[in-house]
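Read through the structure below, which is laid out as structure tokens, and then see the notes.
Quick caveat: nothing in here was measured; it's all calculated off a predicted structure. Here is the naming used below: chain letters follow the sequence lines, and residue numbers restart at 1 for every chain.
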2 protein chains.
Amino acid sequence: MKIKYELLKNDIKTKARYGLLHTNYGTFETPMFMPVGTQATVKTLSPEEIKELGSGVILSNTYHLWLRPGENIISKAGGLHKFMNYDGPILTDSGGFQVFSLAKNKKKDIKEEGVYFKSHIDGSKLLLTPELSIKIQNKLDSDIAMSFDECIPYPASYEYAKESTERTLRWAKRGKDVFNNERQSLFGIVQGGEYEDLRKYSAKETVKMDFDGYSIGGTSVGEDKDTMYKMIDYAIEYLPKDKPRYLMGVGDPIDIIEGVIRGIDMFDCVLPTRIARHGNAFTTHGKINIKNAKYKEDFSPIENNCDCYACKNYTKAYIRHLIVANESFGQRLLSIHNIRFLTKLTEDLRQSIKDGNILKYKDEFIKKYCGNNENN
Amino acid sequence: MKIKYELLKNDIKTKARYGLLHTNYGTFETPMFMPVGTQATVKTLSPEEIKELGSGVILSNTYHLWLRPGENIISKAGGLHKFMNYDGPILTDSGGFQVFSLAKNKKKDIKEEGVYFKSHIDGSKLLLTPELSIKIQNKLDSDIAMSFDECIPYPASYEYAKESTERTLRWAKRGKDVFNNERQSLFGIVQGGEYEDLRKYSAKETVKMDFDGYSIGGTSVGEDKDTMYKMIDYAIEYLPKDKPRYLMGVGDPIDIIEGVIRGIDMFDCVLPTRIARHGNAFTTHGKINIKNAKYKEDFSPIENNCDCYACKNYTKAYIRHLIVANESFGQRLLSIHNIRFLTKLTEDLRQSIKDGNILKYKDEFIKKYCGNNENN
């Protein structure tokens, strides 16, 4: 079935909202954070571990799966869920962002028909089009597919942003026209760069096409935080209240809070697993690097009171040892903790919406999170 | 408490024996295979996963833990069990083998007092002595500690082997004299190279010192299989029946069977986790490499009928994808399967001893295991 969003409560003082996402694999509360499993695996974690972290939807990358192992193998396996043994909802992105960020030498040639680029694996010449992106995603059989878009770089001139935004609208239409999967939903993506009128235009035109949900794209590409928040504000009021809203690629805790306050329901980011690989952990007192010598004999968990497997069973000293010795179990423990930190954050945000005190929650969170010297 | 070996059944046609090892953490059946957790972690696996594989004792490496994080940090954590959160029996080796195999540029200087060598991590000059090895292990607080020995290279002249074997006996005595940990057991190690009289001499003299168990060392150092089996045969008849016998560093399935038939109770090896990292899996039809193109669309498990987590939930095609894409979850799944293959092998061997048909079991196993073309 198509996903369905059920709005349960609007915050009075902000645009934050609490709701439910009904999916092929059950119902999940929003706002939610979606861990990223780029290559059909959330790095170092098992599906059971991902679920235990309170993750609702997880994300996987169309670009990566298209190149390796290929959508046909996944289709023959019975779809992405069966291939990776995950019986929870999966969202696939369109591949657009990866084409722009991962293409060999970052060189790509954007034409009306699609994007020409070279594979980051073997340098082979490839063309990804809106139709192909959708066809691949239809085969992957994720629960939510994304329209193929251009992620406009920042900064970009008004002229470039306008031209690109209009092309992304044409691409969205072309993708929607070939979309063919009964049990899969399709989201449209709002672009428009940093320009208010373009964001408004993109939002209105995208909504006209009637997608199952809407994403705000083109954020987290180097812009300052105020610009990112404006990009959300410019678009969100034109998005329908009965559809989920997804802010792509955002996983910084403060950005998640600011996004929720602006009316976002869904977030995804590689941040929690990527920083884990470098020994970093989120804590309520800011990010820490476990490799720091001061943790050598610190036999306390990463965070007291954290309910994750890593914090319930292991000390900073042990995890530090594992990371310093390049043992992947260390990355696994930090990934578990970091993802849990963000899913817990969204749990707390949902509660604060229900309690009507999200602004107070935000102030207290930021005061604690930014007060740590190691973080500054 | 010290470990205690309880002999329950001697095979009639071979020297194989079935027994129980009573430890600080419960009773485990022998013959057993012990997975290796070099740096206080069995690579990619959690303690819960290790236990689920039917592992009794696990092994950790004194040399590695001495260098990093250091035995004092582990002692302050409350010992190795608490440090790594493993509430099952742990055996630590003496560090001797690593000094010989890992020392920087493999250069080392063997003196009566101990071995001078350079750290494989930072090149610093170090001296490991029999006393220091024992003191480190006492602090690590493993359940079974090993005497510091020289692992004689193969081939070695009779003169060299004799001199080394005698020094190892003196080192065993020196280590035993300083040993000081009530709840820890100490094993002696039989050396003697490939020479029957030296193996006999080493076994008899080591047994005179009255250790809690005996290991046969100096195997798996490049000798052919017949020589390895002889090394066991030469020594085993001089080892007491009421103490466990441990063949160090042996994990090839056929070697385990041959070892059990010769009276060995305990085996350890990095093989199952090491080959996993290169995409190799044990099967009853021989080793396979999952990266082989023929597994691209093979949606069957590594082994039908295998009861491990990897085989119950994942296909060869998926694991192949993970290994090719360098995703550590793939190594984790292969490590789980490979360790389970060896613990299951020892389960089957125990049953065959109880049933009195170990020679038949061996013949059938080898016929199947070696009949696979990919393995040859």
Side-chain angles (χ1 to χ4, degrees), chain A residues 37-50 64-65 67-70 72-78 80 82-87 121 273 277 295-301 309-310 312-333 335-336, chain B residues 37-50 61 64-65 67-70 72-78 80 82-87 121 273 277 295-299 301 309-310 312-333 335-336:
Chain A
T38 297
Q39 304 192 103
T41 168
V42 176
K43 287 192 190 300
T44 75
L45 302 186
S46 71
E48 291 80 5
E49 285 167 328
I50 300 165
H64 288 88
L65 299 179
L67 263 54
R68 195 168 58 188
N72 288 325
I73 285 179
I74 292 178
S75 179
K76 281 182 193 167
L80 187 51
K82 281 202 175 162
F83 183 63
M84 67 183 286
N85 189 38
Y86 189 74
D87 67 341
I121 296 173
T273 43
R277 293 199 292 283
Y295 300 124
K296 262 191 179 176
E297 300 189 11
D298 186 332
F299 302 114
S300 67
Y309 169 77
K312 281 192 292 187
N313 295 289
Y314 303 91
T315 63
K316 289 194 201 76
Y318 180 61
I319 298 173
R320 180 185 187 280
H321 162 69
L322 294 176
I323 293 289
V324 169
N326 200 24
E327 286 285 357
S328 79
F329 189 51
Q331 299 170 11
R332 182 171 158 196
L333 292 175
S335 294
I336 286 173
Chain B
T38 298
Q39 305 193 102
T41 169
V42 176
K43 286 190 190 303
T44 75
L45 303 187
S46 71
E48 292 80 5
E49 284 167 331
I50 300 165
N61 292 112
H64 288 86
L65 298 180
L67 264 53
R68 198 169 55 188
N72 288 324
I73 285 179
I74 292 177
S75 180
K76 282 182 192 167
L80 187 52
K82 281 203 174 159
F83 183 64
M84 67 183 287
N85 189 37
Y86 189 73
D87 66 341
I121 296 173
T273 43
R277 293 199 292 284
Y295 300 124
K296 261 190 180 177
E297 300 189 9
D298 185 332
F299 302 113
Y309 170 77
K312 281 193 292 186
N313 294 288
Y314 302 91
T315 63
K316 289 195 202 74
Y318 180 61
I319 298 172
R320 178 184 189 280
H321 162 67
L322 293 176
I323 293 290
V324 169
N326 199 26
E327 287 284 357
S328 79
F329 189 52
Q331 300 169 11
R332 182 171 158 193
L333 292 175
S335 294
I336 285 172

message = Determine whether a donor-acceptor pair (N or O, by modelled atom type, separation under 3.5 Å) exists between the side chain of His321(A) and the backbone of Met84(B).
response = no
remark   = One option among Ala317(B), Ala325(B), Gly330(B), Ser328(B) has the most heavy-atom pairs under 4.5 Å with chain A, and it is Ala325(B)
note = Whatever's closer than 4.5 Å to a heavy atom in chain A on Phe299(B) counts as side chain
task = Name all residues meeting the salt bridge (charged side-chain N to carboxylate O under 4.0 Å, His left out) criterion together with Glu327(B); count only those two or more places apart in sequence or in a different chain, and write none if there are none.
result = Lys43(A)
ask   = Which one of Ile73(A), Ile74(A), Leu333(A) has the most heavy-atom pairs closer than 4.5 Å to chain B?
value = Ile73(A)
task = Under 4.5 Å heavy-atom distance to chain A, tell me which part of Leu322(B) shows up: side chain, backbone, both or neither.
result = side chain
message = Counting only non-hydrogen atoms closer than 4.5 Å, does Lys82(B) touch chain A with its backbone (N, CA, C, O), its side chain (CB onward), both, or neither?
response = neither
task = Tell me, for Val324(A) versus chain B, whether the close heavy atoms (under 4.5 Å) come from the side chain, the backbone, both or neither.
result = both
ask   = Can you check whether Lys76(B)'s main-chain N or O pairs, donor with acceptor, with Glu297(A)'s side chain at less than 3.5 Å?
value = no
request  = Tell me, for Ser46(B) versus chain A, whether the close heavy atoms (under 4.5 Å) come from the side chain, the backbone, both or neither.
outcome  = both
task = Could you tell me the separation between the CG atom of Asn313(B) and the OH atom of Tyr86(A), rounded to the nearest 0.5 Å?
result = 14.5 Å
key: With Tyr309(B) via ring pair (Phe, Tyr, Trp, His ring centres under 6.0 Å) - residues at least two apart   = Tyr314(B)
query = Between Arg332(B) and Glu49(A), is the closest basic N to carboxylate O distance under 4.0 Å?
reply = yes
